Structures are given as structure tokens and as C-alpha cells.
*Asks:* 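Handing you this structure, nothing more for now.
Here the structure is a predicted model, which means the values were calculated and not measured. All chains are named by letter (A, B, ...) in the order of the sequence lines, taking the proteins before the strands, and each is independently numbered beginning at 1.
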Protein chains: 2
Amino acid sequence: MRVDEIDELLSIRAAELYYEENKTQDEIGQALRLTRWKVGRLLAQAKQRGFIRIEILHPRARRLPIERRLREERGLADAIVVSTAGVHSPEELQERTAQAAADYLTALRPVPRTLGVSWGRTLFEISQHLRNGWATGVNVVQINGGVSLNRRPGTAAATAVGIAQKGGGSATLLPSPAILERLETKEAIEADRVVAGVIELARSADAYLFSAGAADHSSVHVESGYLSTADVDLLVQKGAVGDVVGRYIDSDGNIVDPALDARTVGLTLDELRGAPLAIAVMSGSTKHAVADAVVRSGLCTVLVTDEATALHLLDG
Amino acid sequence: MRVDEIDELLSIRAAELYYEENKTQDEIGQALRLTRWKVGRLLAQAKQRGFIRIEILHPRARRLPIERRLREERGLADAIVVSTAGVHSPEELQERTAQAAADYLTALRPVPRTLGVSWGRTLFEISQHLRNGWATGVNVVQINGGVSLNRRPGTAAATAVGIAQKGGGSATLLPSPAILERLETKEAIEADRVVAGVIELARSADAYLFSAGAADHSSVHVESGYLSTADVDLLVQKGAVGDVVGRYIDSDGNIVDPALDARTVGLTLDELRGAPLAIAVMSGSTKHAVADAVVRSGLCTVLVTDEATALHLLDG
DNA sequence: GCTCGCTCTGCTCATATGAGCAGTGATGCC
DNA sequence: GGCATCACTGCTCATATGAGCAGAGCGAGC
């Protein structure tokens, strides 16, 4: 038995006594016939070699070292990473992430006077996790079109209104479909005084809060009837990994289909990229690819996500 | 938000900074605007409420608190429980347990002069994990019959011989089948001078080392041809949960089929129960029921097992 | 409205732990 | 064989942490 093998075993024995039996290093020293300094060094070694895993088991637990890596290695202004420890379903993950986003918004300083928001399942859940009085006097403005065409009408509006009401402010809705069938209609809608005014207000927002959708058949665009499953398949063929504020991007963050993009109402991606504070909230394995594109192409300054997605961004 | 809810969240934030960022309690106090004593109390609370999980990730890691519970709540003289953290296959679990048994034997004081052993997959693996010179002059004697009939001939012998050779001693084999077809044959064999002498030696052993088999078709008795799958099914119907030294017992540790037992060669269970040192080694979910019967009915004084089996014994 | 008792807070003091440092023994190199 | 090097050991000292305690704040009960 080699010496470092003996030391490895001793460090495990020491760790058992230290962490499971709450003995002092001195007591362990007596038990294993070592000096307390040797015990201290064995424990340090065990930690350093990764034999000791400390996990914080709580729905609200975050992974600060991963957040730091995201800031440092991906140049984000801030990152919130929720722990996946003990998560059993994608819904639970989504909820944790939405809760973390709500917490982040609530703690945000300075409080934004005008907050631009997108809509979708994630945004709706964030709105539900915000507490009454999370802010005082936050005005919310929709940054992309989204009057639902068929199913679940009004969730887009309910999201914006919910965030605004709980924040003691009012919501300004963008009264337009997400994607128009004809370019002329889209241009006409954008020329409309009310719509133009809302978009202008959206451009002036202090902060943006949005999610991204995966490019697959479960997309809200399919569910809402703006795109058919065939449309999505075509986009995927062209390299789409997902959409941000209704605009489909490839893995480099470039618009996949400029013609489709021209028929999409709302803030452009470059306007989003120019924002001083753009908070992207994405979780779940289906969003790994979009999340990567969003972060790489600088679409957000702040990322709220789960541990697995974060590690995907960092380690590929 | 209730006060204890705020405290819960604060304790999670504190735990993140303490365990993941290696901040001192004082630094955390400054960051969260708390006194360092409050931080200390929050951390203690987080531990106490079970939000902090510390795991030792190593094949040789043991679970000392569970071992203690087994000693105290099940009256065992000693218990060795290996961690299941990071185990991916039943084979790996079996290996860890065998390794632990080998370690236990090596560290055993006083060193037994005569060691009685059973045979089977577990025992064979233990023999392989023992190091040359694990003891000096240990004589090994088989405590139950087991000349394999068809497959893998000689593993029973190889086990005993291996343990003896590595321990600087010699092995005494029990030259008899495990189970005889007729009672008369069994009695004749036991009357044989050599066989009687081996059994007498087995009775005088200082310590016994044995495993138990589950009562299912994968049993070594089926594999070796002593029992048919139909025999096993019948035993299960009569309440058998497994076998110890070839003798099938129910969940209370009683012999299931006295007629079969009478045809089984080797130490009786009561002889085993009377031993001052009887080390049972069992691991894997298939052995939960037998392990329970063995421990409850006092067949062993020392138990070597895995975490999951141990928890099954303790919490049902 | 007052008092009793309880919990929680911020402290002092004792203890446990980590950083750094000089001596020691082993190892390899000439 | 002698010497330089280096990892490792056991220490001193500074710091971090936990135990225990007095006082403050708060609520229940009279």
C-alpha cells in the first residue's frame, strides 16, 4: 500500500469523524494516532481532492461559484443560478427559476421606473411569484406583440398587468399580434399612433425582462397560432435554436429568417443588445441551446437560470 | 412574509456564502447586515433543519452515525456500513462491502487463530480483497458443505484457501456437498471421521465469517445444482427469505423446512447464534429481507453492509 | 395597564482551527 | 560518501467559532 493511498484512507476516516461524528481535529488525532495538525491537513486534502461534497438543499438555494464563473467567463453584469439539488420535475425547476427572477427584481436597485417585459410561460410564472408591493410605482410596458390568437387569450396581458399592479404601477400593453402574415400589415400596425407610442415607450425602458423559447413544437408561437409546426421545422432547418421576443435566432444569435423577422412586431434584438439592463430568464434542458445563443451574442446583461443550464454554458 | 420565513431565507444565503464562498461568519454578517452571532445561529439552524448535506464521496467511505444506530438499536457488537454515494451498479456496491469486510478482518483484534467461513459470491470477493499478510497464521475452516456440483467448481475451496494463504495459514475444507438428497446419506457423511473432524474444528473457531443468500432463482444453491428453481419457489411459499450457511430461514430466523435442513451439512444456526464473534456480510436490495432476519434473530454479532440495507433494518 | 415569563440579541470568554515557519529526514545527484 | 533539495512534521501565533450569560423586547394572562 503506497503512502498516498494510506493518506487517502486516513483522510476519509478523518472526514467521517469530523463531519459525521462532529469530533474535533484533536479528538480525531487521538483516535487515529495522529497530531491534530496532520488531521487538519488530511481534511484539507480531502476537501481539495473533492471527497467532501457540501450541498445546500433548499428550493431557494443558489450556486454562487457558478454565478461568479458566469460573470467572469461570460462577461455578464450579474448572474443568478438556482440549485437543481432535489429537483424532480421540469416544472419544479421552472418554478425555482421564476422565484429567483422575482427575488432578483424585488432586490433590484435602483428600482426601474419603466420595465419592458416580454410574455410567455416563464414571464407569467415570474409575475405570479412577485409579491404585492415588490416595488412602488413600476410602470410595465410590453416589448413585443402578443395578443394571443386562439388559446389562453390574455395571459400576455395578465403577465404585464400582474407585474405592474403588484409593483404599484400600471401596464402599457402592445396591442398587436406577435407576427403578421404580411409585411405591409406589420408596417401599417407599427405606423399606428398608439402602437408607435408603445414601442417608443418600450425603447425608453430602464430595464428589460424577458425569456426565450426553444425552437420546437411546444413553442408558445405554435400554441398561440402565429406559427405552424411546419414553420418551426423550417426555422430549425435554417439553424434556429429558439426565439427571443418573438425573433428566431441561430446559435450565434443572428436572425435566422430576415423576412419573418420583418413581420415581427416589437423591439429589435439590436435594441435589446444596446440596453444597459436586460434580464434573461431561462431554465430547463430544452433551453440550453437558446440560452447559449442569448448569452454568447450579448442579448442579456443579467442571466437568471438553473445550475444545469449554467454548467452547459460554461463547460459546453 | 413571516419572520421564520425570512430567517429561513437568510440562513440559506448565509450557508451559500459560508460553504460555497468560504466567507467568515463576520464577513457574511457585514454582507447581510447581521451580527456575526446571528449568522452563526442561522448556520446552526440551517444544519439542524437539514438544509446542509455533507457527503463523503469515496468508495471506502463509511456511515458512522448509521453504524452507531445499528449497534445501539439492534444490539450488534459492531457494524460497518459503507456509503452508497456515487454507486452506479449493484456490483460496485458488492465490491465496496467486500472491501469493507476485508478491512474489518484485517483490523480485527485479537487476530482469530481459527476462522470459520461459508462460501459464495460475497465470500469469494472478500477473499480477493484481502491483502497478502492481512494476518499471520490464521487457519481457515469451512463451516458448511459446498463442493460445487456443476458450474464454477472449486470457488468454495478457492475462497477458503485464498483467505488462509493471504493470512499466512492453511485451510481446512469440508469435503461434502451442501445438501444431500437423502437424510441417511447426510448422516453417513457426518459420521465420516474426516468430515466429523472438520465440523468439530469449525465448532471451535474463534470467529465466523459468512454471508446470506436471497431466496430467489439466482441463489448459488440453484446455480450449483443443490436446489431446483421449483424447490426455491416452494421454500418461498413456506416463508423463506433467504439462507445462511445453506439453511433457509423465514423473516423470524426460524428454519423453514426442517426436513431439508436435516439434509444440510455444516454448522447449525444455533451453533452460529452461540458464537462470540459472527461476522455477517450482506449488501444489495435483494438481501434486505434476509439481512433483517439475520440481525433480528441474532445470527450475527457483527454486520458489514451498505447504507441502504442498514437503513432498511433500522427504519423498515 | 401591569407584570411575569419567554425568546431573542449582543456580548465575554474559552476553544477549535488555519497560516506560516523552522527543523528533520529522506532522496537524488555529483 | 557528501551535499543540496525538498517534502513533511510539529510547532507558535492569529483568527474564527461556539458556549454560555445578562439584558432587552415582546406577548400572555390577570
*Asks:* Select from B:Trp37 and A:Asp26 the residue whose nearest nucleotide in DNA chain C is closer to the 5' end of that strand.
*Replies:* B:Trp37
*Asks:* Please report the distance, rounded to the nearest Å, between CG in B:Asp7 and C1' in C:dC8.
*Replies:* 10 Å
*Asks:* Would you mind reading off the distance between B:Ile28 atom CD1 and D:dT15 atom P, rounded to a whole angstrom?
*Replies:* 18 Å
*Asks:* Are any of B:Gln25's side-chain N or O atoms less than 4.0 Å away from OP1 or OP2 of D:dT15?
*Replies:* no
*Asks:* Would you mind reading off the distance between B:Lys38 atom NZ and C:dT7 atom P, rounded to a whole angstrom?
*Replies:* 15 Å
*Asks:* Taking the basic N atoms (NZ, or NE/NH1/NH2) and the acidic carboxylate oxygens, is any pair closer than 4.0 Å for B:Arg49 and B:Glu8?
*Replies:* yes
*Asks:* Just how far, in rounded Å, is P of D:dA7 from CD of A:Gln45?
*Replies:* 14 Å
*Asks:* Please determine whether the number of non-hydrogen atoms from other residues, nucleotides or ligands lying under 6.0 Å from atom CZ of B:Arg113 exceeds 12.
*Replies:* no
*Asks:* Rounded to whole Å, how long is the line connecting atom CG of B:Asn22 with atom C1' of C:dT17?
*Replies:* 14 Å
*Asks:* Mind listing the closest non-hydrogen atom pair of A:Ser211 and A:Thr122 along with its distance?
*Replies:* OG-OG1, 3.4 Å
*Asks:* For C:dA16, does either OP1 or OP2 sit under 4.0 Å from a side-chain N or O belonging to A:Tyr18?
*Replies:* no
*Asks:* Quiz question: going by heavy-atom distance under 3.5 Å, is there a donor-acceptor pair between the base of D:dG10 and the side chain of A:Arg41?
*Replies:* yes
*Asks:* Is any side-chain N of the basic residue among A:Asp7 and A:Lys38 closer than 4.0 Å to the acidic one's carboxylate O?
*Replies:* yes
*Asks:* Quick one: on DNA chain C, does B:Arg36 or A:Arg36 contact a more 5' nucleotide (nearest heavy atom)?
*Replies:* B:Arg36
*Asks:* Just the rounded figure in Å: distance from C1' of C:dC8 to CG of B:Leu10.
*Replies:* 15 Å
*Asks:* Round to a whole Å and report the spacing from CD of A:Glu27 to P of C:dA16.
*Replies:* 8 Å
*Asks:* Quick one: B:Leu42 CG to D:dG18 P, roughly how many Å, whole number?
*Replies:* 12 Å
